[in-house]
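This report concerns only the one structure given below.
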Amino acid sequence: MKKIKIEYKLFLLFGVAFIGMIFLAHKALSVSEENITSTRTLFENSTTIQSLQEHYIEPLNLLREMSLSLVMSPNESFRRSIEQELISSIAKLDERFLSLDPESQTAWQEYLRLLNQTRLYVSQGFEEGAFVNANTTERTRYYELLERLKALQSKEITQAKGNFAHIQERAKILKYEVILAVVILSILVFLLGYFLSRHIVSSILTLQEGLQDFFDYLERKIPRPKPISLQSRDELEEMSKLLNHNILKAARDIEQDILFVENAISVVTQLKSGHLSSRLESMAQAHELKLLKNVINDMIDNLESKIKEEIEKRSEQEKLLIQQSKLASMGEMIGNIAHQWRQPLSELGAILMNLQVKHHFKDLTEETFKAQVERTNEITAFMSHTISDFQNFFTPSKIKEPFSVRLACEKAIAIIEASLRYHNIILEFRERGDRIAYGYPNEYSQVVLNILSNAKDALISREIPHPRIHIELINGKNYSVVKIEDNAGGIRAHPMEKIFEPYFTTKHSRQGTGIGLYMSKMIIEKNMDGIITVENTAEGARFKIKIR
């Protein structure tokens, strides 16, 4: 058994099992076919019995009743109707009796002859002869024919009982044959599988012990793993030889790599202390460790220049982000100024048109002219004040200072309020106390404005019915919390925190740069030691700004 290869051992086991399955399947099919044949025979027997009752005995009884009714019929009209039914019944029975044995056909023809004799007597008006014939010879032949049909039924019933008994006996024999075959095949497969699996498992356990020694060596529990000793002359013995060769080679390589790692740790420790003169000198066997040696030595050679280059690159990126943020804010500012100036400009146009009409019709009085000029001055002053407000709003704060969170929010709302009204967006501002925070008020207002502007763009682009934005100011124990919530359907980004990354935007490339929320996070968390978060609600998105 040890000299046979594993694949042949398994082939032998599976071959025996397969042959056993084929044999059992053949037996099962034989049993099934025999049961089907026996069941078909029983079904044919029962069908024949039912057919005799339904197509012969019952119609014959009905025919006998019609014969007696014909004899005892009170009038000619009733006799004609019975005669028509007799003709139809006789035709059907005559055709059916052709499928029975000759003896039954002869009995039927004899009874039919006497029945026709009764019909003849009735048609001739010889009622007495018809009555005597119907109750003597015709009745005798009727009972003889009926007994013949019952004998056929009894024969079929007896045959069905015999078939059923044969089926029962045969089923018992087949059951014992199948049980015996299953037991023999099961024992054979079990014994063969037991001996094969015991040999294979023993070899596998030997290999497992050798691998466990190697793993213990990797965990530094033993100095060196022992060679695997296996004498089975199959694939497992070949595997043990290959494992012994590779384990020995791996042990040597690991010992050399351990020396390299210890040297690398020493060099990195010196680097952390600021000594850039150290270099990795030890040799490693692993390709990755060789690459690590080159990388560490190159990193030490170029560390200072790379640090300086990275700082300059980051500085340029920050400047670019700030510039793009300024350009985006300038575009927003121009749009908001346009919405702020839309109504005053319309009013100025109306005033000028009114003055022109009154002048044309010679109806311009000095009082009217002065009043319109004063109103014009008020409007232009309002427009100039608007420009000043926008200019002051976008002027960055130089130093940190105390400021009112409520007033900072109101400044942002004042900038965008006209634009929201133009797009029929309802803005609700709810205050629960105010807090004097310490930081950069204009930058804080810029963050609030940026979130409001994003909410406005989402509501417009998605064409939300009944658009609204809700702002809630809560004065907590340690923080001032501003919640800004809309009903625009939420932010479609996963994970949600990606919206604070630079250049990430859910808008079209022509509508957004992905800088605003990144700068907002930098302002709140880096410059003001606050926290800004976002989450989706049932209707839209909710931003939270927390500062001390």
Side-chain angles (χ1 to χ4, degrees), residues 325-398 401 403-431 434 440-461 463 466-471 473 484 486 510-511 516:
S325 179
K326 287 181 179 179
L327 291 174
S329 298
M330 186 178 297
E332 291 285 341
M333 179 183 72
I334 292 172
N336 288 323
I337 290 174
H339 287 296
Q340 291 278 26
W341 276 15
R342 193 178 303 277
Q343 183 178 352
L345 286 173
S346 298
E347 192 172 350
L348 282 175
I351 292 172
L352 292 174
M353 187 180 294
N354 186 30
L355 289 173
Q356 184 181 8
V357 170
K358 286 184 178 292
H359 176 71
H360 178 75
F361 288 102
K362 309 297 183 180
D363 191 28
L364 182 60
T365 62
E366 185 176 354
E367 290 80 7
T368 302
F369 180 75
K370 288 182 178 180
Q372 296 295 348
V373 169
E374 289 177 1
R375 179 57 186 158
T376 301
N377 290 333
E378 290 176 0
I379 293 172
T380 54
F382 170 78
M383 295 173 68
S384 176
H385 181 68
T386 299
I387 291 294
S388 298
D389 288 344
F390 276 88
Q391 185 176 9
N392 293 331
F393 179 84
F394 287 99
T395 300
S397 304
K398 300 294 184 181
E401 58 181 291
F403 68 94
S404 168
V405 176
R406 178 180 59 81
L407 292 178
C409 292
E410 289 177 350
K411 283 177 64 177
I413 293 171
I415 295 296
I416 201 172
E417 191 171 16
S419 178
L420 295 178
R421 283 200 305 269
Y422 175 77
H423 291 288
N424 298 317
I425 298 174
I426 298 174
L427 177 65
E428 301 172 351
F429 183 31
R430 183 178 180 184
E431 307 171 29
D434 191 12
Y440 303 101
N442 281 359
E443 278 77 358
Y444 185 87
S445 298
Q446 179 69 39
V447 172
V448 175
L449 178 63
N450 190 22
I451 296 173
L452 292 175
S453 178
N454 286 343
K456 179 198 75 174
D457 293 341
L459 291 167
I460 295 171
S461 64
E463 299 180 355
H466 311 296
R468 62 175 178 82
I469 301 174
H470 179 76
I471 306 175
L473 171 60
I484 304 175
D486 59 59
R510 295 181 179 178
Q511 297 175 336

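When a residue number appears, it is its place in the shown sequence, counting from 1.
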Here the gap from Asp457 atom CG to Ser419 atom OG, rounded to the nearest 0.5 Å, amounts to 8.5 Å
CG of Asn424 to CG of Leu459: how many Å apart, nearest 0.5 Å?
11.5 Å
Closest heavy-atom contact between Ser445 and Ala408?
OG-O, 2.9 Å
Could you tell me whether the side chain of Ile460 reaches within less than 4.5 Å of the side chain of Ile425, counting heavy atoms only?
yes
Roughly how far apart are Asp486 CG and Arg468 CZ, rounded to 0.5 Å?
8.5 Å
Using atom types as modelled and distance alone, determine if a side-chain donor or acceptor of Ser453 lies under 3.5 Å from a backbone N or O of Leu449.
no
So do the side chains of Leu452 and Ile415 get within less than 4.5 Å of each other, counting heavy atoms only?
no
Specify the closest pair of heavy atoms between Tyr444 and Val405, including all atoms of both residues, with the distance to one decimal.
OH-CG1, 3.5 Å
Please report the closest heavy-atom contact between Arg375 and Ile351, naming both atoms and the distance.
CG-CD1, 3.5 Å
Are Glu410 and Arg406 close enough for a salt bridge, meaning some N to O gap below 4.0 Å?
yes
Nearest heavy-atom approach of Ser461 to Ala458 is OG-O, 3.2 Å
Ile426, CD1 atom: more than 12 neighbouring heavy atoms under 6.0 Å:
no
Report the distance from atom NZ of Lys370 to atom CD of Glu374, rounding to the nearest 0.5 Å.
8.5 Å
Ignoring hydrogens, what is the shortest heavy-atom contact between Ile416 and Lys456? Give both atom names and the distance.
CD1-CD, 4.4 Å
More than 12 heavy atoms of other groups within 6.0 Å of Gln356 CD:
no
Heavy atoms of Ile469 and Leu420 approach each other most closely as CD1-CD2, 4.2 Å
Using 0.5 Å steps for rounding, measure from the CG atom of Asn454 to the CD1 atom of Ile484.
10.0 Å
Any chance CD of Glu428 has more than 12 other-residue heavy atoms, nucleotides or ligands included, within less than 6.0 Å?
yes
Using a 6.0 Å cut-off, check whether atom CZ of Phe429 has over 12 heavy atoms from anything other than its own residue.
yes
pair Lys358-Asn354: side-chain heavy atoms closer than 4.5 Å:
yes
Rounded distance (nearest 0.5 Å) linking atom CG of Leu348 with atom CD of Gln372:
10.5 Å
Kindly indicate whether the side chain of Asn442, heavy atoms from C-beta on, has any atom under 4.5 Å from the side chain of Phe403.
no
